[in-house]
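Below, read A as the first sequence line, B as the second, and so on, with proteins coming before strands; counting in each chain starts at 1.
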Amino acid sequence: MNPNELVIESVRESLKKGLEELGYDGALDIQPAPEGAGDVALPCFRIAKTMKKNPVEIAKVLADGFVANDIVESVSSQGPYLNFNLSRKAFSDAVLSAIDDASIFRGNKRKEKVLLEHTSANPTGPLHVGRARNPIIGDTTARIMRAAGYDVETEYYVDDVGKQAVMVAWGVERFGEAEERADYLYVKHYQRVNELMESDEEAKESISDWIRRYENGDAEIREKVRKTVNEMMSGILMSLKRLGIELDNLAYESDIVFSGKVDEVIEGLKSKGVLQKDESGALYIDLADYGVSGKDTRFFITRSDGTSLYSTRDVAYHIDKGNRSDRMLDVLGEDHRLQSKAVSIMLNMLGAREPDVMFYAFVGLPEGRMSTRKGRVVYLDDLMDEAVERALEEVRKRRDDLSEDEMREIAEAVGVSAIRYNIIRVQPEKRMVFKWEDALNFEGESAPFIQYSYARASSIIRKAGDFERVFSAEEDGEWRLLRKMAEYPAVIEEAAEKKKPHILAAYLRDLASMFNDFYRDYPVLSSEKRDARLTLTDSFRKVMRAGMDALGIRVLERM
RNA sequence: GGGCGCGUGGCCUAGCCUGGAUAUGGCGCCAGCCUUCUAAGCUGGAUGACCGGGGUUCGAAUCCCCGCGCGUCCGCCA
């Protein structure tokens, strides 16, 4: 039993008499009590509502029947609230043993396999900051769900079908191959090819020919496109790796198309009798029948020549993903909301499972939305370089005792983590405006703030040598820190269930802050309670490390 | 025109699902704290916010309705 469950059960136990008297056996929403009012609180509004009684009276009845136990020492009713004091000794023991045997970190064992798709940016150029939210949200969510006990597999859906990919491949043939980081060279090819399409009839004809051949399954063209796409992908994956993000699978859209699965989807939809045909023979469904409205609610699933469209292929892809997992989770930009809805409608028609979707708003620049075409863009690699360089300056200022290599390593970890934290701390639906000074801020609510508290704790432990593991959180500051640590499993659980990674970001910030207070108020090494405080400090490190891993923030022993 | 998302101090942000104890945290500003474990930290101060209007309720940032603003989508592109 994790510490939170222990508290809830102990409170329930202590109120047994009153609860029986009221005839209530529903959930008890225990929450932290406000400063000075006790340790945990039970607001009685919910019980009052179900029991149709006055919450103040409920609190009174429950308080009257209170019986203390190992964990819960005393209660006081304040109007509609019950405030409990916990036994610091007993609760400390419970928390520390849960940390020592790692049960606090295990999460609930789940059987479900989750297939989480994220990033899936078109391989036409390097990742830019406008898209960076996707991999960071996706990877962090995957980490959190794993920490909560899910079996998670991550996947990048590579859009290698259609004009764009062929245009890049054509550009490579015409303008040359890349030695390394193909994404940076080929994005220029892509831009040049776009221009040629406007100005050069011959080029346009040649490209159209490639596209036709590609769609007809011409082996030579397909191979060229696949090779180009893979070179682009290796650049993109390199950027992601630097952020600490590695995908388990790449799924190619072309594989779905050429496997015939898309045709099955089209046939399936036809047989449901939901498709309509426009003047030229293209098939569509009318989303108006499914509660969608707009200028034009026709949603096309094939062209007039019978070939498939992106969303149709996405349906086939989701059916495939559904066969490989128990749950699907997609991370998509808010521009995909309607698309995604249409895909779900179609999956539903075909009797297939629908994905859960996390949508995020774009990261824009003060002057507007990022656009590769307009050259209004900040590349993720440039942001990482800048962040790491800034971090290096900061390390140099503070540490003259470290080697150049050590300083660079710290700077890398700080810079990259700062970017992740800066993005993940905000709710995904909220629009973000990219500002260098915010993205590179290493103070206050930031990754270095969290990393720093951990490094301070590590520094103490390093100096301590051996110590005996004994503990009881007697002082207020020790107790506050311990109770914050005890919240860890509940935070992971909530962040995973609600798919809200920013909950964990806020928690780690609070936990770090709590440790900073402890660090200020309670000397560890020189204390007569040295062993007890070392035990607390080391336990904090364990919780922090687990949390940082789950958030994708690099752990530093010194900085 | 319609759908969807968002709107909280000068700026950023939590809380909204599940209504309830003085609305979270940060940035910025001012004044302090390194002869004790790392000052990327900490303390104090000033300013001062739930987009507007109705409604439901004993009670609304939270639920409902009507507006307003911003974003996004409504392609036989991906």
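Checked against the 6.0 Å centroid threshold, A/Tyr81 and A/Phe45 count as a close aromatic pair.
Ring pair A/Phe515/A/Phe518 is tilted by interplanar angle, where 30° to 60° counts as tilted. By the 30° and 60° cut-offs, the orientation of the rings of A/Tyr507 relative to A/Tyr488 is tilted. Ring geometry for A/Tyr284 versus A/Phe300: interplanar angle of 30 to 60°, hence tilted.
Between A/Phe540 atom CZ and B/C37 atom P the separation is 18 Å, expressed in whole Å. In this structure, A/Leu525 atom CG and B/U38 atom P are separated by 8 Å, rounded to whole Å. Taking atom CD on A/Glu528 and atom P on B/U36, their separation rounds to 19 Å, with Å as the unit. Computed from coordinates, the A/Arg313 CZ to B/A78 P distance equals 5 Å when rounded to whole Å. As a whole-Å value, the separation of A/Glu557 CD from B/U38 C1' is 14 Å. The CD1 atom of A/Ile256 sits 15 Å away from the C1' atom of B/A78 (whole-angstrom rounding). Whole-Å rounding puts the A/Arg399 CZ to B/A39 C1' distance at 13 Å. Whole-Å rounding puts the A/Glu429 CD to B/U72 C1' distance at 13 Å.
The gap from the C1' atom of B/G26 to that of B/U13 amounts to 7 Å, rounded to the nearest Å. Atom C1' of B/C50 sits at a distance of 15 Å from the matching atom of B/C12, rounded to the whole Å. Across B/G28 and B/U22, the matching P atoms stand 30 Å from one another, rounded to whole Å.
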How would nucleotides 15-28 of chain B be written as a contact map, 5' to 3', with B for base contact, S for sugar-phosphate-only contact and - for no contact, using protein heavy atoms under 4.0 Å? S-BB-BB---BSS-
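Using a 3.5 Å distance cut-off with no hydrogens or angles, the side chains of A/Ser453 and A/Asn516 do not pair a donor with an acceptor. Donor-acceptor pairing under 3.5 Å is lacking for the side chains of A/Gln164 and A/Thr124. Using modelled atom types, one finds no donor on one side chain facing an acceptor on the other under 3.5 Å when comparing A/Asp330 with A/His118. In this structure, a donor-acceptor pair under 3.5 Å is absent between the side chains of A/Ser76 and A/Asn83. No side-chain N or O of A/Arg533 forms a donor-acceptor pair with one of A/Tyr522 less than 3.5 Å apart.
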For nucleotides 61-66 of chain B, tabulate all protein N/O to nucleotide N/O atom pairs closer than 3.5 Å, reporting atom names and distance.
none

Mind listing the N/O atom pairs, protein and nucleotides 67-71 of chain B, below 3.5 Å?
{"from": "B/G71", "atom 1": "O2'", "to": "A/Glu334", "atom 2": "OE2", "distance (Å)": "3.2"}

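For residues 292-305 of chain A, proximity to RNA chain B is found at A/Ser293, A/Gly294, A/Lys295, A/Asp296, A/Phe300, A/Arg303, A/Ser304, defined as any non-hydrogen atom under 4.0 angstrom from a strand atom.
For the pair A/Ser459 and B/C37, the criterion of a side-chain N or O lying under 4.0 Å from OP1 or OP2 is not met.
Looking at the side chain of A/Val524, the nearest of the listed nucleotides B/C37, B/C73, B/C77 is B/C37.
Applying the side-chain hydrogen bond (donor to acceptor under 3.5 Å, both in side chains) rule to A/Ser417 yields the partners A/Gln451; only residues at least two apart in sequence or on another chain are considered. With sequence neighbours left out, the ring pair (Phe, Tyr, Trp, His ring centres under 6.0 Å) criterion links A/Phe442 to no other residue.
Shown here, B/A78 forms no base pair; nothing in the strands shown gives a Watson-Crick or G-U wobble contact with both key distances under 3.5 Å.
Here the OG-CG distance, from A/Ser308 to A/Asp263, works out to 7.5 Å after rounding to the nearest 0.5 Å.
With its glycosidic angle within 90° of 0, B/C34 adopts the syn conformation.
Annotation: cation-pi pair A/Arg509/A/Phe449 absent, no NZ/CZ under 6.0 Å from the ring centroid and within 45° of its normal. The side-chain tip of A/Arg222 does not point at the ring of A/Tyr214 from less than 6.0 angstrom away and within 45° of straight on.
When the nearest nucleotides of RNA chain B are assigned to A/Gly291 and A/Glu394 by heavy-atom distance, the more 5′-ward of the two goes with A/Gly291. For A/Phe449 and A/Asp160, each mapped to the nucleotide of RNA chain B holding its nearest heavy atom, the one lying further toward the 5' end belongs to A/Phe449.
Salt bridge present: A/Lys321 and A/Glu117 bring a charged side-chain N and a carboxylate O closer than 4.0 Å.
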